[in-house]
Amino acid sequence: MSHDTPTAPEKTYRHFIHDEIDADLAAGKNDGRVQTRFPPEPNGYLHIGHVKAICVNFGLAQKYGGKCNLRFDDTNPTKEEQEYVRSIQNDVRWLGFQWDALFYASDFFEQLYQYAEHLITTGKAYVCDLTGDQVSEYRGRLDKPGRESPFRNRPAAESLDLFRRMRKGEFPDGARTLRAKIDMASPNPNLRDPVLYRILHAHHHRTGGKWCIYPMYDFAHGQCDALEKITHSICTLEFEIHRPLYDWFLDHLPVPARPRQIEFARLNITYTVLSKRKLLELVQAKIVHGWDDPRMPTISGLRRRGYTPEALRAFCDTIGVARFNSTVDKQLLENSIREDLNKRAKRAMGVLDPIKVTLENFPVGRVEWIEAVNNPEDPSAGTRRVPITRTLWIERDDFREEPPKKFFRLAPGKEVRLRYAYCITCKEVKKDAAGNVTELVCTYDPETLHGSTPDGRKVKGIIHWVSADHALDAPVRLYDHLFAAEFPDDVPEGVDWKSNLNPNSLTQVATPKLEPSLRDAKPGVHYQFERIGYFFTDPIESKPGAPVFNRTVTLRDTWAKIEKRDE
RNA sequence: UACCCCGUGGUGUAAUCGGUAACACUACAGGUUUUGGUCCUGUCAUUCCUGGUUCGAGUCCAGGCGGGGUAACCA
């Protein structure tokens with residue numbers, strides 16, 4: 001879709017997981033094999049945080065010549081859907097990765113069930129009749145030990161019988177659970193007889209109505225890792241406290257391999273939220289126009305905004321992998337897409353806030369076609385021709401009646417160069433009754449085409465323009481941060497995080513005036529509107545001859561910065 | 001007031017066996033330029049604190065301080 005030009009593989013930097021794997025390799029573990037997996041739950045769309053996890057897992061496999069599987073962690077049928085499975089596979093492929101094997105945790109349901117019976121038989125698990133509230137009450141608190149369930153010492157044979165009847169569907173949802181028998185006094189709550197199986201009479205997206213009991217994450221994840229022969233199970237920091245349980249299962253079950261869990265810090269970025277729950281809320285509340293709204297930090301949103309796989313991968317390389325909980329400055333993300341698009345995007349001219357210019361000495365009805373470079377960074381992109389006529393549009397911001405110092409754009413009596421074309425001088429300013437500038441009457445110097453000035457005078461200001469007779473009026477949408485606050489999650493007690501939404505995150509340009517060559521812009525193509533920013537033709541809404549432009553990111557704007565500072 | 005993890009410049013990461021702070025982004029100051037874009041050059045840290053071990057500590061030890069995680073029949 002956006003693979004205009006192939007780019008070289010990015011360099012990947014070393015991080016602490018390399019040290020851990022090197023140590024395992026040096027110790028002769030796993031017969032020198034390295035295998036990872038990306039294990040999303042199909043209950044939402046992937047976002048930029050997942051991009052990091054994907055790059056880490058697939059990156060490790062690539063670096064060590066190993067494999068990386070895609071595994072859907074689908075142990076909770078009440079939240080998971082086939083639609084998410086589809087989008088996740090699409091997003092991973094689009095990012096440029098190909099998994100080795102594709103698995104679902106549900107592929108292993110029968111084996112996991114057998115493992116559960118094994119734990120019951122060996123006295124390591126029991127069926128518990130406590131209600132949910134009771135289980136939680138018996139578990140104690142963070143600083144207080146729990147109490148043992150009255151069903152904890154139920155004979156194994158009785159638990160086995162009950163567990164089999166749970167599977168057969170003899171009990172309603174929530175009536176009983178299977179729990180591991182570990183330690184109700186453990187300082188780690190995960191070890192206080194965690195629930196292994198719960199009764200859920202729900203339709204599963206893959207196994208349909210076959211099961212009415214489902215394994216919990218903890219009971220499924222490590223065993224699936226082992227069954228897939230994963231060597232290094234990479235996950236985020238919040239699972240660190242689960243690691244003793246992860247290891248406990250592997251210690252007490254006849255699994256075919258011994259994977260190892262390693263945690264790293266999840267990604268946070270300024271001016272956005274990165275939690276599936278919150279993103280889902282934005283979609284359901286229709287605050288955004290779906291998961292692929294260009295303002296969303298989802299892969300599908302970023303893709304539609306005009307981000308490229310190369311830029312996202314480069315971004316992941318620069319942010320690194322560590323165990324420190326940090327928040328990356330959004331400018332790093334923007335820098336990576338600018339860097340990529342600068343090399344590949346064709347240039348074009350578009351006036352977003354037009355003001356009329358009449359060249360009084362330019363013949364009425366005459367059209368000159370001027371050659372313009374498509375990409376100064378890439379000569380092979382060639383040139384195109386842009387029409388110039390007597391009446392033009394220029395950017396309102398490129399004219400000041402009373403120019404501040406260092407302003408070298410257009411002003412009464414001042415001269416600027418029209419990009420690729422002639423130098424013009426402002427002779428007269430016309431206004432409406434309210435005092436708004438409605439038109440600039442200028443003269444052009446016919447001797448100044450293509451940069452030359454016969455007398456050698458320097459004309460520093462260069463502005464973009466569009467012929468009024470040829471201007472294309474196509475939808476242009478300007479996207480900005482979805483949130484106005486740098487840390488949207490950071491709200492005082494009782495304040496909704498949504499109060500940090502940026503009311504101006506989407507602006508539809510009222511009267512865009514684009515150069516005519518843009519009429520033929522295909523969907524899913526990157527452009528740079530010179531001096532403005534990078535734009536991407538919306539891959540869904542653009543139609544032949546009727547492109548829709550999404551602003552990916554603005555260009556750096558040194559002048560705007562200077563002006564803002566001087567205020 | 002439980003347990004676990006973490007603490008290097010404005011931000012994010014580096015720093016092989018402890019040997020004298022690196023890279024990217026930002027910011028600022030210049031240069032180049034028919035995009036005030038790109039590109040190029042330069043400037044910005046005594047590594048949370050205190051004490052200890054050592055010829056030498058960001059790296060080891062101890063104690064503080066600070067931040068994060070954890071109490072779903074979610075993942």
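Throughout, protein chains are lettered first and strands after them, A, B, ... in sequence-line order, and every chain is numbered starting at 1.
For Arg198(A) and rC74(B), the shortest distance from a side-chain N or O to OP1 or OP2 is below 4.0 Å. One finds no side-chain N or O of Thr131(A) lying less than 4.0 angstrom from the OP1 or OP2 phosphate oxygen of rC73(B). Contact annotation: Arg417(A) side-chain N/O to rU33(B) OP1/OP2 distance is not under 4.0 Å. Remark: Lys561(A) is in phosphate contact with rA27(B), judged by side-chain N or O atoms under 4.0 Å from OP1 or OP2. Dashed line: the shortest gap from a side-chain N or O of Arg176(A) to OP1 or OP2 of rC73(B) is not under 4.0 Å. Between rA75(B) and Thr75(A), a contact under 4.0 Å exists linking OP1 or OP2 to a side-chain N or O. When the side-chain nitrogen and oxygen atoms of Ser326(A) are compared with OP1 and OP2 of rU13(B), one or more of them lie within a distance under 4.0 Å.
With RNA chain B read from its 5' end, the first of the two nearest nucleotides for Asp73(A) and Asn335(A) is the one closest to Asn335(A). In terms of position on RNA chain B, the residue among Phe324(A) and Lys458(A) whose nearest nucleotide sits closer to the 5' end is Phe324(A).
In this structure, Pro376(A) reaches the bases: a heavy-atom distance under 4.0 Å links it to at least one base atom across the strands shown. Counting non-hydrogen atoms under 4.0 angstrom, His242(A) reaches a base of the nucleic acid. Contact annotation for Arg323(A): backbone-only contact, meaning every heavy-atom pair under 4.0 Å involves sugar-phosphate atoms and none involves a base. Among the protein residues, Arg179(A) comes within range of no part of the nucleic acid, since none of its heavy atoms lies under 4.0 Å from any strand. Contacts of Val459(A) with the nucleic acid, taken as non-hydrogen atoms under 4.0 Å apart, are absent. Residue-level contact check: Met216(A) touches the backbone only, with heavy atoms under 4.0 Å from sugar-phosphate atoms and none from bases. The residue Arg419(A) sits close to a base: some heavy atom pair falls under 4.0 Å. Among the heavy atoms of the strands lying under 4.0 Å from Thr327(A) are primed sugar atoms or P, OP1, OP2 only; no base atom is included. Across all strands shown, Phe239(A) has heavy atoms under 4.0 Å from base atoms, whether or not it also approaches the sugar-phosphate. No engagement by Leu267(A) is indicated, since no non-hydrogen atom pair under 4.0 Å with the nucleic acid exists. Among the atoms of the strands shown, base atoms are found under 4.0 Å from some heavy atom of Phe408(A). As judged by a 4.0 angstrom heavy-atom cut-off over every strand, Lys406(A) is placed among the base-contacting residues. Arg565(A) comes within 4.0 angstrom of the backbone, heavy atoms only, and of no base. Nucleic acid contact class of Glu263(A) (heavy atoms, under 4.0 Å, all strands): none.
Closest to the Arg141(A) side chain, of the nucleotides rG36(B), rA71(B), rA75(B), is rA71(B). Nearest nucleotide to the Leu555(A) side chain, out of rC4(B), rU35(B), rA75(B): rU35(B). With distances taken from any side-chain atom of Asp329(A) to the nucleotides rU11(B), rC28(B), rA71(B), the minimum falls on rU11(B). In this structure, the nucleotide among rA71(B), rU11(B), rA27(B) sitting nearest to the side chain of Leu332(A) is rU11(B). In this structure, of rG37(B), rG36(B), rA75(B), it is rG36(B) that holds the atom nearest to the side chain of Arg409(A). In this structure, the nucleotide among rU70(B), rA29(B), rA75(B) sitting nearest to the side chain of Glu41(A) is rA75(B). Comparing rU70(B), rC6(B), rG36(B) by their closest approach to the side chain of Phe407(A) singles out rG36(B). Picking from rC28(B), rG68(B), rG37(B) the nucleotide with the shortest atom distance to the side chain of Glu377(A) gives rG37(B). In the set rC73(B), rG37(B), rU26(B), rU26(B) carries the atom at the smallest distance from any side-chain atom of Gln331(A). Closest approach to the Asn76(A) side chain among rC74(B), rU35(B), rC6(B) is made by rC74(B) (side chain taken as heavy atoms from C-beta onward).
Thr270(A) and Glu486(A) form no side-chain donor-acceptor contact under 3.5 Å, judged by distance and modelled atom types alone. Looking at Arg260(A) and Ser233(A), their side chains never bring a donor and an acceptor atom within 3.5 Å of each other. A donor-acceptor contact under 3.5 angstrom links the side chains of Asp378(A) and Ser380(A), judged on distance only. Tyr422(A) and Glu368(A) share a side-chain donor-acceptor pair at under 3.5 Å. In this model, a donor atom of one side chain and an acceptor atom of the other lie less than 3.5 Å apart for Glu83(A) and Tyr45(A).
Look at rA15(B): its glycosidic torsion is beyond 90° from 0, and that puts it in the anti range.
Taking a pair as Watson-Crick or G-U wobble with both distances under 3.5 Å, the runs of three or more consecutive pairs in RNA chain B are B:2-7 with B:65-70, B:10-13 with B:22-25, B:27-31 with B:39-43, B:48-52 with B:60-64.
On the C1' atoms, rC3(B) is 27 Å away from rU59(B), given to the nearest whole Å. For the C1' atoms, the distance linking rU46(B) with rU20(B) amounts to 11 Å, nearest Å. Of the C1' atoms belonging to rA72(B) and rG51(B), the separation is 45 Å, rounded to the nearest Å. Taking atom P on both rA62(B) and rA21(B), the two are 28 Å apart, rounded to the nearest angstrom. Using P as the reference atom, rC5(B) and rA45(B) are 33 Å apart when rounded to the nearest Å. Distance check on atom P: rC60(B) versus rA2(B) gives 26 Å, rounded to whole Å. rU26(B) sits 7 Å from rU11(B) when the C1' atoms are compared, rounded to a whole Å. One C1' atom belongs to rA15(B), the other to rG9(B), and the distance between them is 15 Å to the nearest Å.
Below the 3.5 angstrom threshold, one finds no donor paired with an acceptor across the side chain of Glu238(A) and the base of rU70(B).
Applying the 6.0 Å contact sphere to CZ of Arg396(A) captures more than 12 heavy atoms from other residues, nucleotides or ligands.
Stacking of Arg71(A) on the aromatic ring of Phe103(A) is not recorded, the 6.0 Å distance cut-off and the 45° axial limit not both being met. For Lys460(A) and Phe408(A), the positive end sits near the middle of the six-membered ring, less than 6.0 Å away and at most 45° from its axis.
Here rG12(B) presents its P atom at 10 Å from CG of Asn268(A), a figure rounded to the nearest Å. Rounded to an integer number of Å, the gap from Lys278(A) NZ to rA75(B) P is 21 Å. The separation between Leu341(A) atom CG and rC39(B) atom C1' is 18 Å, rounded to whole Å. In this structure, Tyr534(A) places its OH atom 11 Å from P of rG37(B), rounding to the nearest Å.
Ion pairing between a basic and an acidic side chain is recognised when a charged N comes within 4.0 Å of a carboxylate O; Arg551(A) and Asp480(A) show no such pairing.
The nearest pair of heavy atoms linking Ile120(A) to Ser159(A) is CG2-CB, 3.7 Å.
A stacking contact between Tyr217(A) and rA75(B) is absent: the pair does not combine a ring-centre distance of less than 5.5 Å to the base's six-membered ring with planes differing by less than 30°.
The only member of Lys346(A), Arg384(A), Gln528(A), Arg347(A) that meets side chain to side chain donor-acceptor pair (under 3.5 Å) when paired with Asn374(A) is Arg384(A).
For an aromatic pair to be called close, the ring centres must be under 6.0 Å apart, and Tyr534(A) with Tyr527(A) fails this.
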